[in-house]
Q: 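Have a look at this one.
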Amino acid sequence: SLDYAKKNLTASITTLKRLNMLVTGVGQLKTMAAKRQYKECGSLLQAVASLSICFEDFQHIPRIQESKRQFDALKEEC
């Protein structure tokens, strides 16, 4: 049972780290778009897109929905 607990805890920590990176990436994209730094947005757009794929199963969570909406809007702008 400790192995299952460790596995679940590891998965939870990994997911939280990815969520933090997703939210931070969207925030950075918002800042770059506001400053019109479109050249720098390219690699960050790819990273955030990769992270957003990890959260497809969690679309019912409001914070993830909000980040997805913001990302989609920023993708159009950049």
Side-chain angles (χ1 to χ4, degrees):
S1 69
L2 289 177
D3 288 337
Y4 290 119
K6 181 180 177 183
K7 178 182 167 189
N8 290 334
L9 185 59
T10 302
S12 297
I13 290 171
T14 302
T15 302
L16 286 172
K17 285 181 182 179
R18 287 180 181 159
L19 178 60
N20 184 39
M21 289 188 296
L22 177 69
V23 171
T24 302
V26 170
Q28 289 175 342
L29 278 172
K30 188 183 283 187
T31 302
M32 287 180 179
K35 293 180 180 180
R36 297 178 184 237
Q37 297 174 334
Y38 300 121
K39 185 177 180 181
E40 293 83 6
C41 286
S43 61
L44 190 55
L45 276 170
Q46 290 177 341
V48 174
S50 297
L51 284 169
S52 66
I53 291 171
C54 299
F55 293 99
E56 288 180 353
D57 294 337
F58 301 104
Q59 291 298 319
H60 62 279
I61 299 172
R63 183 62 180 124
I64 294 174
Q65 287 175 350
E66 179 185 340
S67 292
K68 175 82 168 122
R69 277 194 301 267
Q70 288 177 351
F71 174 64
D72 289 340
L74 290 167
K75 210 173 11 174
E76 295 297 321
E77 189 175 334
C78 290

Q: Heavy atoms, side chains only, cut-off 4.5 Å: are Arg63 and Val23 in contact?
A: yes
Q: Is the CD atom of Gln59 crowded by more than 12 outside heavy atoms at less than 6.0 Å?
A: yes
Q: Ignoring hydrogens, what is the shortest heavy-atom contact between Cys41 and Ala33? Give both atom names and the distance.
A: SG-N, 4.5 Å
Q: Tell me whether Ser52 contacts the main-chain N or O of Ala49 through its side chain, where contact means a donor paired with an acceptor under 3.5 Å.
A: yes
Q: Apply side chain to side chain contact (heavy atoms under 4.5 Å, CB included) to the pair Gln70 and Leu29, showing each step before the final yes or no.
A: CA-CA 9 Å; Gln70 288 177 351; Leu29 278 172; over 6 Å; no
Q: Kindly compute the distance separating CD (Gln28) from CD (Glu40), expressed to the nearest 0.5 Å.
A: 12.0 Å
Q: With rounding to the nearest 0.5 angstrom, report the CZ to CD distance, Phe58 to Gln65.
A: 13.5 Å
Q: Applying side chain to side chain contact (heavy atoms under 4.5 Å, CB included) between Arg18 and each of Asn20, Thr14, Leu16, report the one that passes.
A: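 The passing option is Thr14.
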Q: Taking all non-hydrogen atoms of both residues into account, name the closest pair between Ser67 and Val26 and its distance.
A: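 Here Ser67 and Val26 meet closest at O-CG2, 4.0 Å.
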Q: To the nearest 0.5 Å, what is the distance between OG on Ser50 and CE on Met21?
A: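 Here the interatomic distance stands at 10.5 Å.
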Q: Would you call Asp72 and Lys68 a salt bridge, using N to O less than 4.0 angstrom?
A: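 Yes, charged N to carboxylate O under 4.0 Å.
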Q: Keeping Asn8 on the side-chain end and Tyr4 on the backbone end, is there a donor-acceptor pair under 3.5 Å?
A: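 Present.
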